[in-house]
Every structure is written in C-alpha cells, then in structure tokens.
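Below you'll find the structure, written out as structure tokens, and then a few comments.
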Amino acid sequence: MQPRDLTQSADTSLPFALDYATMRQRFLSAARAAGAALSEHIHPLHGPDGKTIATDVALIGQADAPKLMVMISGTHGVEGAYGSACQTAWLGQKANWALPEDTAVLMIHLINPWGTAWSRRVNEDNVDLNRNFIDWTAKPPENPAYADLHPALVVAAWDGPERIAADEALAELTKAKGQTAVSLIIEAGQYAYPDGLFYGGNSPVWSNRVLTSVLEDFGQKAGQVIVFDLHTGAGPYGYPALLSVSPVDHAGLAWGTEMFGPAMVPVITGAAATTNTGIAATATGYVSAFVRAAMGQARVLPLVMECGTLSSAEMQQRVVDDNWLHLYGKPESERGQRIKTDLAHGFIPQDASWQQICLSTSLRHFDTALTALKKVEAKPGSAAVRAAKVEVTPKGTPAVEVVDLHKSFGQLEVLKGVNLTAYPGQVVSMIGSSGSGKSTMLRCINLLEQPNSGRVVIDGELVRMKPHAKGGTTAADPRQIEHIRARVGMVFQNFNLWPHMTVLENIIEAPIHVLKEARADAVEHAHALLKKVGLSEKHAHYPGQLSGGQQQRAAIARTLAMRPKVMLFDEPTSALDPELVGEVLRVIRQLAEEGNTMILVTHEMQFAREVSHKVLFLHQGRVEEEGTPADLFGQPKSERLRQFLARTF
Ligand SMILES: Nc1ncnc2c1ncn2[C@@H]1O[C@H](COP(=O)(O)OP(=O)(O)OP(=O)(O)O)[C@@H](O)[C@H]1O
C-alpha cells in the first residue's frame with residue numbers, strides 16, 4: 001500500500017470520522033444500541049465549536065465480572081478517530097452484545113477529548129498523556145539529551161534567519177546522531193520543557209485522573225484483564241502492529257504470546273532499550289504500565305495497536321509544526337489550517353484501504369483476545385485472592401502467621417504480644433515511629449532474632465522453639481531454621497550484597513549452595529531476574545560500581561533467586577538518595593502486582609497505601625491499629641495514628 005496524498009481534505013465517505021462531535025455521537029448511539037451502561041466525564045474546557053467535550057465510558061456486562069476486556073481510544077488526541085471507529089464498529093456487531101456472565105467489556109472513548117477535539121497530539125496542558133503515567137511520588141525521569149534539541153525544535157519564527165539557523169542546528173545534530181537517535185531522544189519524553197515536545201507534565205493531568213478513576217470504578221474486581229490502547233502514527237504505513245509494552249517481563253506477556261503467537265510483539269521498555277516497532281522503548285509513563293499497576297490484583301495483558309502512517313521524520317516535522325502553531329501561530333490562517341490538516345491526516349490517512357485494514361485487523365485482534373479471555377478458567381484461589389486485594393477475606397493457609405510474639409533486649413521489652421497474618425499474594429505493610437519494633441518483628445519472622453515467646457508459622461510450618469539456658473527461646477532444630485530461611489527472603493536497608501562478588505555471583509550463590517540448583521539453571525534464572533529489575537547490563541559489575549538504587553535492585557533479584565514463599569522488606573529505600581527511591585519502589589510495586597507475598601516495613605506512606613492489602617500501625621511494641629489502607633490512612637481511629645500520619649504525610 002502506498003501513502004496517498006494525506007493533505008487532501010477529509011472524506012466523509014471514509015469509515016473514520018475526523019470531527020469530535022461525529023465520533024462521540026456514533027459511539028454513543030452504538031453503545032446505547034448494544035445496551036451498554038454509559039457514564040461520562042465532562043472535560044473542564046470546550047471544543048473549538050464551544051461545545052462540551054467528554055470522555056465517555058461504556059460497559060457491556062457486569063461491573064464485577066472476573067474477566068474484563070478494556071479498549072482505550074484517543075490517548076494522543078488527534079489519533080482518536082481510529083480508536084473511536086474501532087470501538088464503534090465492535091459495538092455495532094450484534095454478536096458482541098451477549099457476553100458470558102463472567103466477562104465484561106469496558107470502552108473508554110477518547111480519553112484525551114481535548115486533544116481529539118482540537119486536533120492535537122497532546123492535551124490541554126501540552127502534555128503527552130502517554131508520558132504522564134509516571135510515579136509522581138518520585139522525581140520525574142531526566143532526558144538531558146533533549147536539552148540540546150529543544151532550541152532547534154521550538155522556535156518562535158516560522159521563517160527568516162532565526163528559523164534557518166534552528167533548522168541548520170537540527171540538521172547538524174541529526175547528521176551527528178542519526179535520525180533514529182534523534183527521534184528516540186525526543187520520543188523518550190521529557191519533564192523539563194512545558195512548551196517542548198513529548199512533554200510528560202509535572203503532575204497527573206485530567207485524562208490521567210479520569211483513567212485512574214474509571215479503573216478504580218470498573219477495574220478492581222477482575223482477575224483476568226486484557227487492555228487495548230489504540231494508536232496510530234508509528235511504524236510502517238498500513239501495517240497495524242500489535243505490541244505489548246512493559247518495563248518488565250510479567251505473566252500477562254506469556255498469556256499474550258499464548259493468545260496471539262508471533263502476531264504480538266513484546267516491547268520491554270528501559271533506559272537503553274531498543275525496538276524496531278516504531279514506538280519509543282526508552283519512554284516512561286505509558287498507559288500500558290499504568291493499567292497494570294492500577295489493576296494490580298489481576299493478571300493484566302496490556303496491548304497497544306499501533307497503526308503506522310508516515311515516516312518518523314515526517315511525523316516529527318508535523319508535530320513540531322503543530323507545536324509552533326499552538327505557541328506562536330494563528331490557527332485560522334491559511335498556514336494554520338494547513339498545519340492542522342497535515343497533522344490530522346498524518347495520524348489518520350484519508351485513504352480507504354489504510355482505514356479498512358486498520359479497522360479489520362483491530363477487530364480481528366479484539367475477537368482473538370475476547371475468545372481467549374472467555375476460555376480462561378478462573379483458578380480457585382488465584383484470581384479470587386488477588387482480585388480481593390482489600391475487601392475479600394483471604395482463605396487458605398497463611399504464608400506467614402505470627403501469634404502473640406514477645407521480644408526483649410535485656411530489660412527493654414520491644415515486642416509486647418504482636419500478631420500478624422499474611423495470606424498468599426498479600427502485601428502487608430508495617431508502619432510506625434522509629435523504635436516501635438517494626439524491624440525487630442521482621443527479624444523474628446526471618447529468625448534473625450529469637451523471640452522470647454509466641455509462635456511463628458511459615459506456610460503452615462510451625463517454627464519449633466525451645467527454652468534458652470539464658471532465658472527466652474532458641475530454635476529447636478537448626479536444620480529447620482535453614483530450611484525456613486530459604487523460604488523467607490529478606491531485603492535489607494543496606495542491601496547486604498557481598499562486595500567481592502559480581503552482581504551475578506551474588507545472585508547465584510545461594511541457589512547453588514542452599515537449593516543445590518545446577519549452575520547453568522541458576523545463571524539463567526539470575527539473568528531473567530536481572531532483566532526483571534532492569535539490571536541486565538550490570539551482571540558483571542561489583543556492588544561498589546553500582547548506585548544505591550541499583551544495589552538494592554540487585555539485592556531484590558538475589559532474594560527472588562531463592563524463589564521465596566514470602567519476601568520481607570526492611571525499609572528498603574531509607575538508605576537511598578531521594579532520586580533513587582522511585583526505581584526501587586517501582587520494582588517492589590511490580591512484585592506486588594505479580595502476586596508475591598510481601599511484608600514491608602517502610603516510611604514511604606504513599607507507597608504503603610498504594611500497594612498494601614493490609615497495614616499494621618505499631619506503637620511501642622504493640623499493634624495499635626490494623627486494617628485496609630483505605631481505613632488506616634483514610635479513617636484512622638486512634639489518636640496516636642492520627643498524630644503519626646499528620647507528622648509523616
Ligand atoms: N539487637 C538489639 N539489641 C538491643 N536493642 C535493640 C536491638 N535491636 C533493636 N533494639 C531496640 O529495639 C527497639 C525497636 O527497634 P526496631 O529497629 O525494631 O524499631 P523500628 O520500629 O524498626 O525503628 P526504625 O523505624 O527506627 O527502624 C529500639 O529501641 C532499638 O534500639
């Protein structure tokens with residue numbers, strides 16, 4: 001298929017409408033005909049015609065269905081015509097209206113309605129929504145290479161000497177680095193130039209907040225989720241690609257491969273990652289990463305449909321011109337109109353065969369996904385327990401059970417009868433002032449400290465204790481301690497890596513010597529874990545050659561190498577410089593999403609609130625208050641907890 005003249009005016013006989021009002025009207029009537037439950041999120045600003053704009057949400061099926069397929073359109077505003085047409089066409093197929101009781105489809109129509117209505121790739125704040133879903137509790141990522149490009153990309157003059165100089169500077173940089181490298185730098189996103197390209201913003205934008213609230217409303221009950229984010233403008237013309245974008249390997253990816261085979265291309269993003277798919281593997285803040293985090297209770301397969309149009313250099317030019325128009329030009333002028341049309345037709349070619357192939361390929365992928373989703377057997381326990389995250393009472397054998405634990409150091413009674421239960425897949429956080437006994441509690445679970453009395457049960461196995469000659473207790477059977485320690489992984493504040501061993505050697509040491517794994521297997525597993533924590537390239541480094549954040553991620557990989565039943569984290573970020581905290585929290589969040597059982601001692605309150613199923617507030621060696629994050633942080637009962645939260649938040 002050859003690109004047609006994309007600058008001709010919109011053709012109304014084509015399947016994709018280009019104006020916001022038509023897209024919305026078609027979508028709403030298809031959704032009503034399909035019997036969908038509709039809700040709308042009105043945007044605070046108007047469209048160019050002065051009319052209301054909104055993100056519409058349509059649900060077919062039950063809101064609490066254990067299986068959910070989600071389709072999101074218009075992340076990059078101007079591309080919304082494609083996703084909207086796909087959603088409308090899917091709703092128009094009567095065969096889709098009757099879903100099995102355990103399956104639902106959620107359509108999020110034009111998540112960036114301002115960008116769609118005003119034909120801009122960005123939102124009302126010049127923010128690229130697909131760079132805005134970063135962890136805003138951490139410092140935004142830096143993209144220093146963008147600083148060199150910015151003055152050549154954002155120029156007040158359309159022509160004349162200033163523009164010529166900027167164009168020459170850009171040509172020089174492109175010659176020196178190559179077009180691909182320049183595109184990658186730009187598309188990686190940046191958080192420092194609000195008037196620049198691929199700007200990720202400085203906080204969650206309106207569309208981010210809407211998507212968050214929609215997934216809070218509809219995405220918390222499902223255990224099996226497939227999400228399509230529908231894009232155009234990257235990759236080869238007329239070859240709609242199916243990608244799964246993620247910063248880490250995860251269970252959803254294997255599920256996607258099972259479903260689509262080689263038709264689905266996984267893209268693992270990271271600082272130095274590359275891909276030949278046309279999308280930026282170095283970017284952060286993708287919707288795909290967010291949907292997994294937002295529905296951490298579920299196995300989530302995030303999918304991106306990417307319908308290529310023009311070359312990346314041509315698309316870049318059209319985006320640069322549109323940015324100029326927005327900042328310095330007159331949209332109603334002839335030049336302004338041409339820039340707008342070029343941008344719109346760059347993202348939505350006015351070419352019937354391009355539109356048809358994008359639509360039919362997408363509908364086919366929706367069918368494949370829905371068929372696979374319907375087939376999934378909800379395994380008793382897995383989805384149910386994990387989907388429960390907070391509200392359902394977990395069942396089965398607890399991974400950890402601590403009953404009436406007492407511990408003294410000399411005269412100092414540090415734990416005064418503490419209880420804790422963590423079920424498989426649960427994240428339990430312990431918060432409290434310094435000295436309240438949190439670390440001691442963890443150390444007793446891992447048997448690094450011998451409790452004076454009480455019971456510790458790991459995965460149903462009672463740790464046998466006997467009275468110590470000097471008082472207190474000691475382990476009755478040292479072999480049992482070794483066996484239990486192998487099942488309870490601990491991540492320490494100060495990483496505790498062996499300084500004389502490389503990262504890889506640190507990771508394989510215990511699996512080889514304690515678990516008796518074959519070296520080749522241990523090495524293979526170690527590489528997979530290093531990939532998971534984003535340290536593939538550091539395997540041969542010594543700890544002293546790594547930053548604190550990297551050392552802690554290596555320490556997490558080392559703990560995971562033992563395939564622990566439960567992981568204990570003892571203030572894993574408190575020895576880190578603030579800018580390194582985020583990278584470690586992201587890894588821990590990922591582990592939480594993957595259903596690892598974890599007990600976490602942390603001073604990162606916002607993080608504890610987000611990832612935990614249960615939170616314990618310790619005060620002077622007792623559990624003063626215990627409950628869901630919503631209860632503990634939202635409605636603290638005890639005055640001490642209220643004061644503690646007031647001091648720490
Ligand atoms: N090995 C030890 N010998 C003597 N006292 C100890 C020992 N370990 C801990 N303590 C004391 O026990 C009390 C509780 O310490 P712990 O480290 O469990 O508290 P924490 O809640 O984790 O505090 P932080 O948040 O500061 O780490 C403190 O008063 C501490 O000094």
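As the structure lists them, so they are numbered: ligands from 1, and atoms in each ligand from 1. Values in this document were obtained by computation on a predicted structure and should not be read as measured data.
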Quick one: look at [X] and ligand 1, take heavy-atom pairs under 4.0 Å, and tell me if it's side chain, backbone, both or neither.
X	result
Glu571	side chain
His603	side chain
Thr440	both
Leu618	neither

Verdict with supporting geometry, Ile458 and Ile445, side chain to side chain contact (heavy atoms under 4.5 Å, CB included):
CA-CA 8 Å; Ile458 305 293; Ile445 295 173; 4.0 Å; yes
I need the atoms of ligand 1 closer than 4.0 Å to a non-hydrogen atom of Ser439, numbered in the order shown.
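In order of numbering, the contacting atoms are 17 (O), 18 (O), 20 (P), 22 (O), 27 (O).
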Which of the atoms of ligand 1 are close to Ser433, meaning less than 4.0 Å from one of its heavy atoms?
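In order of number, 21 (O).
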Please determine whether side chain to side chain contact (heavy atoms under 4.5 Å, CB included) holds for the pair Trp206 and Asn123, giving the CA-CA distance in whole Å, both sets of side-chain angles, and the decisive distance to 0.1 Å.
CA-CA 9 Å; Trp206 182 88; Asn123 84 335; 5.6 Å; no
Does atom 9 (C) of ligand 1 have a protein heavy-atom neighbour under 4.0 Å away?
yes
For atom 24 (P) of ligand 1, is the nearest protein heavy atom closer than 4.0 Å?
yes
Return the minimal non-hydrogen interatomic distance between [X] and [Y], and the atom names on each side.
X	Y	value
Phe495	Ala555	O-CB, 3.6 Å
Glu583	Gln550	OE2-N, 3.4 Å
Ser433	Lys438	O-NZ, 3.0 Å

Look only at interatomic distance and state if Gly437 has a nitrogen or oxygen under 3.5 Å from any nitrogen or oxygen of ligand 1.
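There is such a contact, yes.
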Within-cut-off N or O pair, Phe409 and ligand 1, under 3.5 Å:
no
Provide, to 0.1 Å, the distance between atom 30 (C) of ligand 1 and the closest protein heavy atom, together with that atom's residue and name.
Leu412 CD2, 4.7 Å
Residue that, paired with Asn132, satisfies side chain to side chain donor-acceptor pair (under 3.5 Å) out of Thr284, Asp125, Asn208
Asn208
